[in-house]
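These notes are about the structure you will find just below.
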Amino acid sequence: METKSNKRKFREWFSADELHEESKKWFSELKFAKDEQKFLNSMVKDYTLDIIDSDMFQTIQPVVESLSKSEKDLVDLFKKVQLHENQLQIMVDEVNQEKMEEAYLDTHNDLAMEVQDYFEKYRDSKTKIFDIVSNVIKRKKQKRLLN
């Protein structure tokens with residue numbers, strides 16, 4: 001016989017305004033990340049030959065793949081945040097729909113964790129790319145000074 005756990009997790013009840021503000025913040029951060037990813041891609045393209053010359057191609061390849069995956073994940077996450085924002089009406093329609101409102105808050109919490117996880121992985125990839133490219137630039141300058 002299986003027993004079902006009836007544990008309720010503690011959840012803070014946010015106002016519709018607070019939920020909206022947090023969603024807007026996610027939008028802003030995701031838009032910035034999208035622009036930043038364009039810059040990172042451009043930077044890697046600009047230094048591709050130098051990366052190959054410095055024998056760091058094998059090092060940067062997984063990082064570039066990770067960045068590419070982040071770009072795809074960004075599109076999906078952006079759509080989820082947009083849909084979530086569109087469903088905010090449930091919280092402000094002045095109709096008592098407790099189960100739907102709880103589901104919305106569950107989704108909000110899940111989305112908050114997903115956004116946080118996304119940015120942790122993205123920042124890691126971004127840091128690695130900056131480290132590799134800065135090392136390549138330093139090597140390039142050293143070669144220039146030696147010549």
Side-chain angles (χ1 to χ4, degrees), residues 2-141:
E2 290 182 31
T3 59
K4 290 185 179 178
S5 177
N6 239 359
K7 294 181 184 176
R8 296 200 101 161
K9 56 185 174 187
F10 174 75
R11 177 182 23 186
E12 190 175 344
W13 193 270
F14 293 106
S15 72
D17 285 339
E18 291 169 323
L19 294 168
H20 176 64
E21 287 302 315
E22 189 165 25
S23 295
K24 282 181 20 182
K25 179 183 167 203
W26 294 339
F27 267 126
S28 176
E29 290 172 346
L30 291 170
K31 284 179 184 177
F32 185 79
K34 185 178 181 181
D35 290 340
E36 211 172 33
Q37 286 175 347
K38 288 178 186 175
F39 169 76
L40 292 172
N41 285 331
S42 174
M43 186 172 62
V44 169
K45 285 177 186 172
D46 289 347
Y47 289 98
T48 299
L49 292 176
D50 297 320
I51 290 169
I52 293 170
D53 286 346
S54 67
D55 296 325
M56 295 188 79
F57 186 74
Q58 299 294 63
T59 308
I60 202 168
Q61 188 66 25
V63 180
V64 170
E65 288 172 4
S66 174
L67 184 64
S68 179
K69 183 181 180 328
S70 289
E71 286 181 77
K72 291 174 186 164
D73 292 345
L74 177 77
V75 172
D76 294 338
L77 194 53
F78 205 82
K79 288 177 183 176
K80 286 180 183 179
V81 171
Q82 178 68 51
L83 178 63
H84 182 69
E85 180 70 12
N86 292 344
Q87 294 173 343
L88 183 62
Q89 181 65 29
I90 292 168
M91 302 300 285
V92 295
D93 62 5
E94 296 184 16
V95 176
N96 191 8
Q97 304 172 27
E98 192 171 315
K99 288 188 181 202
M100 289 181 76
E101 290 173 2
E102 280 189 36
Y104 183 85
L105 290 174
D106 286 340
T107 302
H108 189 83
N109 288 336
D110 293 345
L111 200 51
M113 291 189 318
E114 193 173 340
V115 168
Q116 182 179 357
D117 289 345
Y118 169 81
F119 277 108
E120 286 175 9
K121 291 174 188 173
Y122 172 66
R123 282 185 199 108
D124 183 52
S125 296
K126 182 173 71 170
T127 301
K128 288 177 182 176
I129 284 179
F130 276 125
D131 289 344
I132 291 169
V133 171
S134 67
N135 284 336
V136 166
I137 292 170
K138 286 176 188 176
R139 286 183 185 181
K140 187 176 178 180
K141 284 183 180 181

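Values below: all heavy atoms of this structure, side chains included; hydrogens, waters and symmetry mates excluded.
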Can you label the angle between the Phe119 ring and the Tyr122 ring as parallel, tilted or perpendicular, going by 30° and 60°? perpendicular
Does the side chain of Ile137 come within less than 4.5 Å of Val133's, by heavy atoms? yes
Can you tell which of Ile60, Thr127, Val44 makes a side-chain contact (heavy atoms from CB on, under 4.5 Å) with Ile132? Ile60
Measure the acute angle between the ring planes of Tyr104 and His84, then classify it against the limits of 30° and 60° as parallel, tilted or perpendicular. parallel
Below 4.5 Å, heavy atoms only, C-beta onward: do Met113 and Asp110 meet side chain to side chain? yes
Does some side-chain heavy atom of Ser42 sit less than 4.5 Å from a side-chain heavy atom of Phe39? no
Rounded distance (nearest 0.5 Å) linking atom CH2 of Trp26 with atom NZ of Lys31: 15.5 Å
Please determine whether side-chain contact (heavy atoms from CB on, under 4.5 Å) holds for the pair Phe78 and Phe27, giving the CA-CA distance in whole Å, both sets of side-chain angles, and the decisive distance to 0.1 Å. CA-CA 7 Å; Phe78 205 82; Phe27 267 126; 3.5 Å; yes
Within a 6.0 Å radius of atom OH on Tyr118, are there more than 12 heavy atoms belonging to other residues, nucleotides or ligands? yes
Under a 4.5 Å cut-off applied to non-hydrogen side-chain atoms, are Val75 and Lys79 in contact? yes
Is it true that the side chains of Gln82 and Asn86 contain a donor and an acceptor less than 3.5 Å apart? yes
Lys/Arg N to Asp/Glu carboxylate O, Lys24 vs Glu21, below 4.0 Å: yes
Got a second to check how far Gln116's CD is from Glu29's CD, nearest 0.5 Å? 10.5 Å
Val64 backbone acceptor or donor facing Ser68 side chain under 3.5 Å: no
From Asn41 CG over to Lys38 NZ, what is the distance, rounded to the nearest 0.5 angstrom? 10.0 Å
Examine distances only and state if a side-chain atom of Ser66 and a backbone atom of Pro62 form a donor-acceptor pair shorter than 3.5 Å. no
Looking only at atom types and distance, does a side-chain atom of Asp124 sit under 3.5 Å from a main-chain N or O of Glu120, one as donor and one as acceptor? no
Rounded to the nearest 0.5 Å, how far does CD1 of Ile51 lie from CG of Asp46? 10.0 Å
Can you confirm whether Phe130 sits close enough to Met43 that some side-chain heavy atom of one is under 4.5 Å from a side-chain heavy atom of the other? yes
In terms of side-chain geometry, is the basic nitrogen of Asp76 or Lys72 positioned less than 4.0 Å from the acidic oxygen of its partner? no
I would like to know whether Glu18 and Glu22 meet side-chain contact (heavy atoms from CB on, under 4.5 Å); could you show each step before the answer? CA-CA 6 Å; Glu18 291 169 323; Glu22 189 165 25; over 6 Å; no
Shortest non-hydrogen pair, Leu67 vs Ser125, comes out as N-OG, 4.4 Å
Which value, rounded to the nearest 0.5 Å, describes the distance between Leu111 atom CG and Leu83 atom CG? 9.5 Å
Gap separating the NZ atom of Lys80 from the CG atom of Asp73, nearest 0.5 angstrom: 8.5 Å
